[in-house]
Amino acid sequence: MHGIITNIQRFSLHDGPGIRTTVFLKGCNLRCFWCHNPEDMNPQPEIQFFPERCIACAACVDACPNCAHRFEDDRHLYHRERCDACGSCIETCYAGGLVRVGEEKSVDEVMAEVRADQPFYTSSGGGVTLSGGEPLLQIDFAYAILDRCRGEGIHTAIETAANFTWERVAAILPVVDLIMMDIKLMDSARHRQATGAPNERILANAARLGYEPQPIIVRTPIIPGVNDNVDEVCAIAEFVAHMPNLCYYELLPYHPMAQSKYMSLGLSYKAQPLATPSTAQMVELADAARECGVPVRVG
Ligand code: SF4
Ligand code: SF4
């Protein structure tokens, strides 16, 4: 069994308990305009072009069978719409101006990397986390990895927005030890505006996940102008307060780290003008959420 991943991040400390290996699966069915992993949106492999690294050697022009690279007035133009991500140009680019993002890997290949850190999982209470992107888009691949981890005594976690039918969400649960789920907004129209999708089934799934045997961590990225206010955070906190298996509710401050990634993928970064919420604001939001009766952490 194979899937498409963008990265396997070892020694991860922010994707669940202990020291973890986080496997990023490519593809997402939301389009949050602040997403800091834009390379995980498109389910297919694609090419990142970093103009600032290009030394204008023109090797890629000769290498590309689809004429996706050309020079005009000494400017390197990359026609992404002609590219089928064959990778020929990358092999000729010694300057690192062209990078493939997204690689097909087998479950065995993923497990070989995951297994290398088993002593750290054991000593720290860590394990493996599937992230992305949205891991449930490649559910068979995701299931196979987590099933193998379980079989080898490795703790498993999944980060999901649960924007699927309940049947798909429920299908992964037999191999999951910890659920980490985002809730970004309670109002569906505003959710659609911010993420590209309504939130009715997300909230319905969250309500059901709250009664599953696995512990759940609910997280809200705090985005200026979207949900950085007490009313919105308290509405979510009141919703998750009813979950019997809630570990804690986590608030994650927006950080404008992704601009160069957006540019390299030919995408516009609409969140670029936004500022990171201040510590004082995060403390205020966390205190307000605590008053709704849930344990709160700030990421
Ligand atoms: S091969 Fe790399 S360095 Fe050379 S022109 Fe293409 S992108 Fe620039
Ligand atoms: S990946 Fe292949 S098709 Fe795309 S620009 Fe490079 S050589 Fe051309």
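Start at 1 and go down the list; that is how both ligands and their atoms are numbered. This one's a predicted model, so the numbers in the text were calculated from it and none came from an experiment.
Here the heavy atom of the protein found nearest to atom 3 (S) of ligand 1 is I55 N, 3.4 Å. For atom 5 (S) of ligand 1, the closest non-hydrogen atom on the protein side is A58 N, 3.2 Å. Nearest protein heavy-atom contact of atom 4 (Fe) of ligand 1 is C57 SG, 2.3 Å. At the top of the distance list for atom 2 (Fe) of ligand 1, counting protein heavy atoms only, stands C93 SG, 2.4 Å. Looking at atom 8 (Fe) of ligand 1, its nearest protein heavy atom turns out to be C54 SG, 2.4 Å. Nearest protein heavy-atom neighbour of atom 7 (S) of ligand 1: H76 CE1, 3.4 Å.
Between the side chain of R80 and the backbone N or O of I47 there is at least one donor-acceptor pair closer than 3.5 Å. The main-chain N or O of I4 is found under 3.5 Å from a side-chain atom of Q138 such that the two form a donor-acceptor pair.
Residues R168 and L136 approach most closely at NH1-O, 2.6 Å, considering heavy atoms. Between I154 and D177, the shortest heavy-atom distance links the atoms O-OD2, 4.2 Å.
Near G87, meaning under 4.0 Å from one of its heavy atoms, ligand 2 places the atoms 1 (S), 2 (Fe). For ligand 1 and A95, the ligand atoms under 4.0 Å from any heavy atom of the residue are 3 (S).
With a 4.0 Å heavy-atom cut-off, ligand 1 is reached by no atom of R53. Only the side chain of L98 comes within 4.0 Å of ligand 1, judged by heavy-atom distances. Only side-chain heavy atoms of F71 come within less than 4.0 Å of ligand 1; its backbone N, CA, C and O stay farther off.
Proximity of M111 to C149: side-chain heavy atoms (C-beta onward) are separated by under 4.5 Å at one or more points.
Ion pairing between E39 and K261 holds under the 4.0 Å rule for side-chain N and carboxylate O. Salt bridge present: D108 and R148 bring a charged side-chain N and a carboxylate O closer than 4.0 Å. K26 has no carboxylate O lying under 4.0 Å from a charged side-chain N of E103, or vice versa, which leaves the two without a salt bridge.
When the shell of 6.0 Å around CZ of F120 is examined, it contains 12 or fewer heavy atoms from other residues, nucleotides or ligands.
For atom 8 (Fe) of ligand 2, protein N/O/S neighbours under 2.8 Å (waters excluded) are C64 SG.
Residue H69 forms a side-chain contact (heavy atoms from CB on, under 4.5 Å) with just one option from C93, C89, C54, C83, and that option is C89.
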